[in-house]
Amino acid sequence: MANRKNRRIEPSFDEPARDASVAGFAVHEEDRVVPSSRKSRSRKPANARRSGGGRTARGGRRKRRGLFGLLTRLVYWGFVLAIWGGIAAVGMVVYYGAKMPAATTWSIPDRAPNIKLVSVDGRLIANRGMSGGEAVRLSEMSAYIPKAVIAIEDRRFYSHFGFDPIGLARAMVTNIMHGRFTQGGSTLTQQLAKNLFLKPDRTLERKVQEVLLALWLEHKHTKDEILAMYLNRVYFGSGAYGVEAASRRYFGKSARDVSLSEAALLAGLLKAPSRLSPARDPKAAEERSQLVLAAMQDEGLVSSREVAHAMSAPAARVPSYWTGSENYVADTVMEELPALIGEVQGDIIVDTTIDLDLQKLAERSIRRLIDENGKTLDVSQGALVSIDNSGAVRAMVGGYDYSTSQFDRASEARRQPGSAFKPFVYAAALEAGRTPDSVRNDAPIQIGKWKPVNYGGKYYGKVTLATALAKSLNSVAAQLTMEVGPEAVIEVANRMGIQSDLQKNVSISLGTSEVTPLELTAAYVPFANGGYRPQVHFVRRVTTVKGKVLYEYNGGSAPRVLKPEIVGMMNAMMAGTVEAGTARKAAFAWPSAGKTGTSQNSRDAWFVGYTANLTTGVWFGNDDARPMKKVTGGALPAQAWHEFMVAAHEGVPVARLPGGWQPGWQPSQPAPVQDAPIAMPPAAVGRSANPAPQPAAPAPAAVPRPSVPVAGGGRPAMPSDGGSTASIKRPVPPGDVGGPMKKGTTSILDILTGG
């Protein structure tokens, strides 16, 4: 027990001290071997040793190792995601690419054909077709145009391979910074691919296909070829496809002549063609062009001096693209073209018969007279047609302003000709045996319930037919119609070229049946050329741009429709209208003849006259058939005719009218010597003409051909049309142009008072 009592018990540091109550004994300090005065060294546990002074350094190393690990994991998973994203992108490209036709079948679709109409001297009249302008090679157009487009649309055009990742990334960053879509990442090649092959849908499929097609285009074509295709097909707003159409649309000039400021304006339109069109918002278009100029300078494509000059002289657009009266001619040619060459397969050039100088002169004359007299005389519209002896139309004005109304009053509006129809009455009377010396009593008469009245209510008693026609006496014309019959008058009119329906009644003598200015003027041509009815035509030749002839007018044979002696007598009588009759204001230095016409209440005023060179008809009135204020054929129409014909005959040798009738000659006597009719060659026009007398070959009398109405309500097909021709839709002014068509017999209330 003593030994046990004196045994030292040392506490174990390897296990916790057990509770005394559990161990059965207690250990006191005095029981220890080590004296209480000795300092005991207590060991700190391991976790305590790791704390303290080195805790901060070791904690920093742990944090650094944790951040590095996080970045490593992010890079790793980013790399993994990039791989899977690439695989997904490749799969998407393969999927959408598989839905496209095989690349071996891809080809550039044909550009919409352009129809270029030119005058007899080769000047542009108009472009027609979906594109509205001819294709221009890159080397031909103004060098500023491609530079401007590249600067604002695709600065890396000549360095990328069709798809520009750098440009796309830059556009994405810019859009994110602005919080909205401000830049596009598509290259010019991608835009061309979209325009050529794809719909404008904003879908992922379309975008993938666009890139694939852009790569194919870059593989198949040079950069310059791609740029030329783009510029000749892209939409510039206001209906203009291609840079040539846009240049003419906005500046009235070819893309070959565009200045720096104009090129900048065109390039600026590409972002939003409809919204930025100068025809719609000139201010926005100009502001956008300033950005283009700055971009060109930044890229070193133009100098600062050039930019300064361009900004000081901004592009000036033409007042109105559609204002020219030559567009009436272009519309008519487009209607007739399918009958001449069928469907247009590619770009073509149409050589017309139009003298552009005369066309502009006619337009100015019509507009000036309306501007000066429109309000006082209540007249708002006019038309003019001029045809040479070969049937070639040299000028045709269809209204006051094409930009406000595309309805062609020259070839489509049927109006009452009034006394301008009387030459057919007198020609029928001469064919029935009368002569200019025949006498009739000009006095009030009554035919049934109808009482034709002379203009102004004045009567002259016994007069010759020559005097009656010169003074446009209604009572004598009605008597002659009663003598020969309305059927004979209609037969003569149809034989000479009138295509419209004519009413078989006595009132036809005063021009109650409606006709168009074009057909009435054409029906006077036989008086001017010696009795032959030529084929009225607007087109001389149609060729491809490479010179292949698709159609050429060969003239054909003009049938004789009046005997020489009848032509001589008619010319002698109608010359009196100009010399001393109702058309004295039309007289000028050339021998001329013609007839005035005024319908009831001055709703229509006409003068159709001719020389041995040209036959020209003029009409004035209102679209809604509203009466003018005492306007007669001897007033505005005669003035316009005089102004036009004086200019048209400048420098042309004077020629007498066909025929040599002398007073006292009777049909039973030998016919007097006739002047040979003058046949104008198709190339000779107006002032440039130098006609030499050429006898026309005799031909059998013409058999009137039934008119074939144009589809859609155009003018009747001329004999040259070979049937109906295609029609294009154009805006028609309000109101019933020409008044309602008369069917069957004519009411007495519709009878004219002459003019």
Measure from the side-chain N and O atoms of Q416 to the backbone N and O of T512, and report whether any donor-acceptor pair falls under 3.5 Å.
yes

Counting distance only, does the side-chain N/O of N327 pair as donor-acceptor with the main-chain N or O of G324 below 3.5 Å?
yes

4.5 Å side-chain heavy-atom contact, V646 and H642
yes

Hey, does P526 have a side-chain heavy atom less than 4.5 Å from the side chain of V567?
no

Are any of the side-chain heavy atoms of R414 and V515 separated by less than 4.5 Å?
no

Just so I know, are the side chains of N613 and N389 near enough to count as touching, which here means a heavy-atom distance under 4.5 Å?
no

Identify which one of L337, I115, D351, V333 satisfies the side-chain contact (heavy atoms from CB on, under 4.5 Å) criterion when paired with V542.
L337

Is any side-chain N of the basic residue among D388 and R394 closer than 4.0 Å to the acidic one's carboxylate O?
yes

Sequence neighbours excluded, which residues qualify as side chain to side chain donor-acceptor pair (under 3.5 Å) partners of T611?
H649

Would you say the side-chain atoms of R248 pair up with the backbone N or O of A246, donor to acceptor, closer than 3.5 Å?
no

Flag for T516-E412: side-chain donor and acceptor within less than 3.5 Å
no

Would you indicate whether R137, at its atom CZ, is surrounded by more than 12 heavy atoms from other residues, nucleotides or ligands within a distance under 6.0 Å?
no

May I ask you to decide if T616's main-chain N or O and W641's side chain share a donor-acceptor pair within less than 3.5 Å?
yes

Say whether W619 and D604, considering side chains only, have a donor N or O and an acceptor N or O under 3.5 Å apart.
yes

Hey, could you give me the CG/CD distance between D401 and Q381, rounded to the nearest 0.5 Å?
8.5 Å

Using side-chain hydrogen bond (donor to acceptor under 3.5 Å, both in side chains), reason through S254 and D257 one step at a time and then give a plain yes or no.
CA-CA 6 Å; S254 171; D257 306 318; 4.9 Å; no

I'd like to check D408 versus M396 (side-chain heavy atoms, cut-off strictly below 4.5 Å). Are they in contact?
yes

First locate atom OH of Y426, then atom CE of M574, and finally report the distance between them rounded to the nearest 0.5 Å.
11.5 Å

Go through Y402 and D331 one step at a time and tell me if the side-chain hydrogen bond (donor to acceptor under 3.5 Å, both in side chains) criterion holds.
CA-CA 11 Å; Y402 184 88; D331 289 344; 2.6 Å; yes

Inter-residue atom distance S390.OG - H537.NE2, 0.5 Å rounding:
5.0 Å

Does V561 offer a backbone N or O that forms a donor-acceptor pair with the side chain of R495 under 3.5 Å?
yes

On the six-membered ring of Y400, is R367 placed so that its NZ or CZ lies under 6.0 angstrom from the centre and within 45° of the ring axis?
yes

Distance under 6.0 Å and angle within 45° of the ring axis: does R560 meet both against Y532?
yes

Compute whether any side-chain donor of one residue and acceptor of the other, for E363 and S325, lie under 3.5 angstrom apart.
yes

If you compare all heavy atoms of Q503 against all heavy atoms of S513, which two are closest, and at what distance to 0.1 Å?
N-OG, 3.0 Å

In Å, rounded to the nearest 0.5 Å, how long is the span from CZ of R249 to CG of N127?
13.5 Å

Nearest-0.5 Å distance, CD of residue E431 to CE of residue M569:
9.0 Å

Side chain of E519, backbone of I498: donor and acceptor closer than 3.5 Å?
no

Starting from the C-alpha separation in whole Å, work towards a yes-or-no answer on side chain to side chain contact (heavy atoms under 4.5 Å, CB included) for V258 and M141.
CA-CA 8 Å; V258 165; M141 68 180 66; over 6 Å; no

What's the verdict on side chain to side chain contact (heavy atoms under 4.5 Å, CB included) for I348 and I341, showing C-alpha distance, side-chain angles and the deciding distance?
CA-CA 11 Å; I348 60 173; I341 63 171; 3.7 Å; yes

Using only atom types and a distance under 3.5 Å, with no angle test, would you say the side chain of D357 pairs donor to acceptor with the backbone of K360?
no

Check: L117 and R128 side chains under 4.5 Å, non-hydrogen atoms
yes

Going from OH on Y328 to OG on S411, what distance comes out if it is rounded to the nearest 0.5 angstrom?
10.0 Å

Distance-only side-chain donor-acceptor flag, N114 / D347, under 3.5 Å
no

Any idea which heavy atoms bring S386 and F644 closest together, and the distance?
OG-CE2, 3.4 Å

Is there a side-chain contact between P658 and N529, using heavy atoms and a 4.5 Å cut-off?
no

Testing the basics here: between A640 and I366, what is the closest heavy-atom pair and its distance to 0.1 Å?
CB-CD1, 4.4 Å

Does a salt bridge link E643 with R368, judged by any charged N lying under 4.0 Å from a carboxylate O?
yes

Indicate the atoms forming the closest heavy-atom contact of I508 with P486, along with that distance.
CG2-CB, 4.5 Å

How are the rings of F424 and F421 set relative to one another: parallel (under 30°), tilted (30 to 60°) or perpendicular (over 60°)?
perpendicular

Using side chain to side chain contact (heavy atoms under 4.5 Å, CB included), reason through Y250 and S238 one step at a time and then give a plain yes or no.
CA-CA 9 Å; Y250 297 122; S238 297; 3.4 Å; yes

Quick check against the 3.5 Å criterion: does T596 have a side-chain atom that pairs as donor or acceptor with the backbone of G634?
no

So E514 and S500, side-chain hydrogen bond (donor to acceptor under 3.5 Å, both in side chains) or not? Walk me through it.
CA-CA 7 Å; E514 293 142 337; S500 297; over 6 Å; no

Once the angle between the rings of Y524 and Y610 is folded into 0 to 90°, is it parallel (under 30°), tilted (30 to 60°) or perpendicular (over 60°)?
perpendicular

In plain terms, say whether E134 and K116 are close enough for a salt bridge, that is, a side-chain N and a carboxylate O under 4.0 Å apart.
yes

What verdict does the side chain to side chain contact (heavy atoms under 4.5 Å, CB included) test give for Y553 and V539, after you've listed the backbone C-alpha separation in whole Å, the side-chain angles of each residue and the deciding distance to 0.1 Å?
CA-CA 7 Å; Y553 176 73; V539 178; over 6 Å; no

With the side chain counted from C-beta on, respond yes when R111 and N232 share a heavy-atom pair under 4.5 Å apart, and no when they do not.
yes

For T521 and L518, indicate whether the former's side chain and the latter's backbone hold a donor-acceptor pair under 3.5 Å.
no

Taking all non-hydrogen atoms of both residues into account, name the closest pair between L361 and A647 and its distance.
CD2-CB, 2.9 Å

Are there over 12 heavy-atom neighbours, none belonging to K253, within less than 6.0 Å of that residue's NZ?
yes

When you measure from the side chain of T352 to the backbone of V118, do you find a donor-acceptor pair of N or O atoms at a distance under 3.5 Å?
yes

Can you name the nearest heavy-atom pair linking F538 to T332, along with the distance?
CE1-CG2, 3.7 Å

